[in-house]
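Accompanying notes for the structure given below.
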Amino acid sequence: MFADFEYYKNTYKGNQIANADEYVYLGNEASRYIEKYTNIVDDDTMACECAIIEYLQASKKQGRITSENIPNFYSASYTANDEATRMTEINAILRLYLGKKYSAVGIVNVIN
């Protein structure tokens with residue numbers, strides 16, 4: 001992960017994630033998207049991770065999930081159409097936060 005829960009609350013000023021456990025769970029998924037482009041920890045990657053975490057949590061609440069399991073925390077499955085939408089929206093977050101640094105990498109092409 002790029003940012004911890006304290007960064008999320010105090011620097012990013014996030015308020016959608018209520019506890020550190022949920023943040024860590026979603027952060028592990030969010031960091032995988034970023035790691036396709038960089039492992040550098042800086043303000044851009046930490047903010048990007050926070051934005052993706054909030055997106056992942058919001059998409060869960062909006063009913064885009066078709067099944068759910070709660071072994072250690074939770075897991076989710078998405079329908080095919082929702083998965084395409086989800087990736088498009090995550091791409092937009094990646095471009096917003098990392099595009100100026102990593103546009104040559106081809107964020108849009110690598111994720112799709």
Side-chain angles (χ1 to χ4, degrees):
M1 284 183 38
F2 293 87
D4 61 17
F5 189 61
E6 292 304 312
Y7 173 90
Y8 171 74
K9 289 189 319 184
N10 299 323
T11 304
Y12 185 76
K13 303 293 186 196
N15 60 11
Q16 294 182 23
I17 309 298
N19 64 63
D21 289 337
E22 183 178 17
Y23 180 86
V24 169
Y25 178 81
L26 294 169
N28 286 327
E29 182 177 351
S31 66
R32 289 185 188 111
Y33 295 109
I34 298 168
E35 287 171 352
K36 291 182 179 185
Y37 310 103
T38 185
N39 287 320
I40 296 171
V41 177
D42 62 14
D43 287 335
D44 291 330
T45 55
M46 290 189 293
C48 183
E49 182 177 74
C50 292
I52 293 172
I53 287 169
E54 287 188 344
Y55 169 77
L56 292 172
Q57 186 205 43
S59 67
K60 176 186 180 313
K61 288 182 178 180
Q62 291 173 0
R64 294 181 179 171
I65 296 174
T66 59
S67 67
E68 190 171 272
N69 182 0
I70 307 177
N72 292 330
F73 203 65
Y74 62 81
S75 63
S77 299
Y78 297 84
T79 63
N81 288 339
D82 286 339
E83 180 64 19
T85 300
R86 180 174 179 250
M87 291 311 303
T88 299
E89 292 172 351
I90 289 172
N91 277 332
I93 295 168
L94 288 165
R95 282 192 310 272
L96 177 66
Y97 286 93
L98 305 179
K100 66 182 179 246
K101 289 184 178 180
Y102 303 104
S103 61
V105 174
I107 288 175
V108 175
N109 296 329
V110 177
I111 293 268
N112 288 332

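- Atom OH of Tyr7 and atom CG of Asp43 lie 5.0 Å apart (nearest 0.5 Å).
- Rounding to the nearest 0.5 Å gives a distance of 11.0 Å between CD of Gln16 and CD1 of Ile53.
- The residue from Phe2, Phe5, Tyr23 that alone fulfils the side-chain contact (heavy atoms from CB on, under 4.5 Å) condition with Cys50 is Tyr23.
- Interatomic distance, CG of Asp44 versus CG of Leu94, reported as 12.0 Å (0.5 Å rounding).
- Side chain of Glu22 to main chain of Ile17: no donor-acceptor pair is present (N/O by atom type, distance under 3.5 Å, no hydrogens or angles).
- Taking CG of Leu56 as the reference point, atom CD of Glu89 lies at 10.5 Å (rounded to 0.5 Å).
- Using modelled atom types, one finds a donor on one side chain and an acceptor on the other under 3.5 Å when comparing Asp42 with Thr45.
- For Asn28 against Arg32, the heavy-atom pair with the smallest separation is O-CG, 3.4 Å.
- Summarising the geometry, atom OG1 belonging to Thr88 is positioned 11.5 Å from atom CD1 belonging to Ile93; distances are rounded to the nearest 0.5 Å.
- No donor-acceptor distance shorter than 3.5 angstrom exists from the side chain of Gln57 to the backbone of Leu26, with no hydrogens or angles considered.
- Minimum heavy-atom separation, Tyr8 to Asn15: OH-N, 3.3 Å.
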Inset, instruction - Could you please spell out the steps behind the side chain to side chain contact (heavy atoms under 4.5 Å, CB included) verdict for Arg86 and Tyr55? - result: CA-CA 9 Å; Arg86 180 174 179 250; Tyr55 169 77; 3.7 Å; yes

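- The shortest heavy-atom contact between Ser31 and Glu49 is CB-OE2, 3.2 Å.
- Taking CE from Met46 and CE from Met1, the interatomic distance works out to 11.5 Å, rounded to the nearest 0.5 Å.
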